[in-house]
Novice: 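Below: one structure in structure tokens.
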Amino acid sequence: MSEKLALLGCGFMAGAIAKGLIEKNVIPAKNIIAINAHNPASAEKFAVGLGTSFGSAEAIAEADAVIICFKPQNYKTAMPEYAAHMHPGQLLISIMAGITSDDIRSLLPEGVEVIRVMPNLALAVGMSATGCADGDATPEHRALCRKIFGSLGSISEVTEADLTGVTAIAGSSPAYFYYLAECMIKAAVEAGMDENAAQTLCKQAFIGTAELWKNDDAPPAEMRRRITSAKGTTDAAIRAMEAAGLDKAVAEGMAACRERSLKMGIEMMK
């Protein structure tokens with residue numbers, strides 16, 4: 001018998017999770033319950049679109065596992081209504097950045113286990129890079145969490161303290177890649193290239209490079225070395241980027257991401 005899963009919130013991440021689980025036959029649509037107590041119409045629309053069930057907050061009691069898919073800033077105000085229908089033995093999985101397990105537990109009944117995961121946008125295509133901090137969860141609950149998120153991409157076991165780092169290197173990083181692509185396309189256009197051509201070329205370069213790395217265990221420095229001839233065009237580009245401080249900019253950006261993740265949790269639980 002497949003487990004029953006409740007999704008709290010019916011936005012993009014909830015849809016990506018449900019769609020992936022259904023398409024990969026991990027959990028059947030009938031065993032997934034979409035719940036949005038503050039906007040029931042969105043849960044019904046979600047269910048119709050994906051073939052899942054939908055219900056009110058009371059339906060949480062039927063679930064083996066509950067995934068928080070709403071925004072972290074809504075946790076403190078939204079969770080009490082849902083928590084009232086949870087019971088010992090259930091698993092709560094949080095994909096919220098910043099809010100710690102202890103803060104999550106502070107609004108839950110005794111006996112509800114908490115696992116925090118940090119996936120990224122690629123959930124939508126079954127290729128998420130997900131960090132998982134499962135604390136003292138039971139082996140059965142750990143296995144269920146791996147079953148869910150392992151089917152939606154790769155899953156790496158980390159400590160809860162490391163989750164801010166996961167946010168910086170995986171959770172937020174798709175935006176970094178898009179930003180780099182923006183900069184590359186802008187530079188090409190400013191040099192005279194047609195914008196559509198620049199976007200097509202840049203997009204395919206990113207896709208092809210990701211596929212190359214996927215099929216090779218070499219570190220990125222080695223992958224870069226293979227295509228960088230001494231005193232060639234790529235070498236000139238890399239040297240200019242190094243001189244402009246690209247490595248420092250990346251490090252500072254990731255540090256800012258980690259710092260903001262920590263501050264968010266404190267601010268949202270006040």
Novice: Out of Val166, Thr164, Ile95, which one pairs with Met118 under the side-chain contact (heavy atoms from CB on, under 4.5 Å) rule?
Specialist: Val166
Novice: With sequence neighbours left out, write down each residue that passes side chain to side chain contact (heavy atoms under 4.5 Å, CB included) with Asp194, or none if nothing qualifies.
Specialist: Asn196, Ala197
Novice: Could you walk me through whether Glu160 and Thr100 pass the side-chain hydrogen bond (donor to acceptor under 3.5 Å, both in side chains) check?
Specialist: CA-CA 8 Å; Glu160 181 159 11; Thr100 67; 4.8 Å; no
Novice: Count the heavy atoms belonging to other residues, nucleotides or ligands that lie under 6.0 Å from CD of Glu110, then report whether that count exceeds 12.
Specialist: no
Novice: Please examine the side chains of Cys132 and Cys145, heavy atoms only from C-beta on, and report whether any two atoms are closer than 4.5 Å.
Specialist: yes
Novice: For the residue pair Glu3 and Lys147, establish whether any side-chain heavy-atom pair is separated by less than 4.5 Å.
Specialist: yes
Novice: Is the shortest side-chain heavy-atom distance between Leu123 and Ile17 below 4.5 Å?
Specialist: yes
Novice: Any side-chain heavy atom of Ile22 within less than 4.5 Å of one from Ile27?
Specialist: no
Novice: Do Leu7 and Ile35 touch side chain to side chain, with heavy atoms closer than 4.5 Å?
Specialist: no
Novice: Salt bridge check, Asp64 against Lys4: does any charged N sit closer than 4.0 Å to a carboxylate O?
Specialist: no
Novice: Check the pair Ser106, Asp103 against side-chain hydrogen bond (donor to acceptor under 3.5 Å, both in side chains), reporting the backbone distance first and the verdict last.
Specialist: CA-CA 5 Å; Ser106 71; Asp103 283 337; 4.9 Å; no
Novice: Please step through salt bridge (charged side-chain N to carboxylate O under 4.0 Å, His left out) for the pair Asp216 and Arg226, ending with a clear verdict.
Specialist: CA-CA 12 Å; Asp216 197 313; Arg226 293 175 189 174; 2.7 Å; yes
Novice: Looking at side-chain heavy atoms only, is the closest gap between Phe149 and Ile67 below 4.5 Å?
Specialist: yes
Novice: Between Phe54 and Asn36, is there a side-chain heavy-atom distance shorter than 4.5 Å?
Specialist: no
Novice: Output yes when Arg142 and Glu113 qualify as a salt bridge under the 4.0 Å nitrogen-oxygen rule, no when they do not.
Specialist: no
Novice: Under 3.5 Å, which donor-acceptor pairs do the side chains of residues 233-245 form with other protein atoms, sequence neighbours left out?
Specialist:
from	atom 1	to	atom 2	distance (Å)
Asp235	OD1	Arg239	NE	3.3
Asp235	OD2	Lys231	N	3.2
Asp235	OD2	Arg239	NE	2.9

Novice: Does any N or O in the side chain of Ser229 come within less than 3.5 Å of the main-chain N or O of Gly232, such that one atom is a donor and the other an acceptor?
Specialist: no
Novice: Side-chain polar contacts of residues 68-93 - donor-acceptor pairs under 3.5 angstrom, sequence neighbours left out - could you list them?
Specialist:
from	atom 1	to	atom 2	distance (Å)
Tyr75	OH	Ile104	O	2.6
Lys76	NZ	Met269	O	3.2
Lys76	NZ	Lys270	O	2.2
Thr77	OG1	Asn74	O	3.3
Tyr82	OH	Ala37	N	3.0
His87	NE2	Ala61	O	3.1
Gln90	OE1	His87	N	2.9
Gln90	NE2	Ile60	O	2.9
Gln90	NE2	Ala63	O	2.8

Novice: What pairs with Lys45 under side chain to side chain contact (heavy atoms under 4.5 Å, CB included), at least two apart in sequence or on another chain?
Specialist: none
Novice: Sorted by first residue and then second, give each side-chain hydrogen bond (donor to acceptor under 3.5 Å, both in side chains) pair with at least one member in residues 170-189; sequence neighbours left out.
Specialist: none
Novice: Going by heavy atoms in the side chains, are Cys257 and Thr167 under 4.5 Å from each other?
Specialist: yes
Novice: For Gln204, what residues pass the side chain to side chain contact (heavy atoms under 4.5 Å, CB included) criterion, not counting sequence neighbours?
Specialist: Ile207
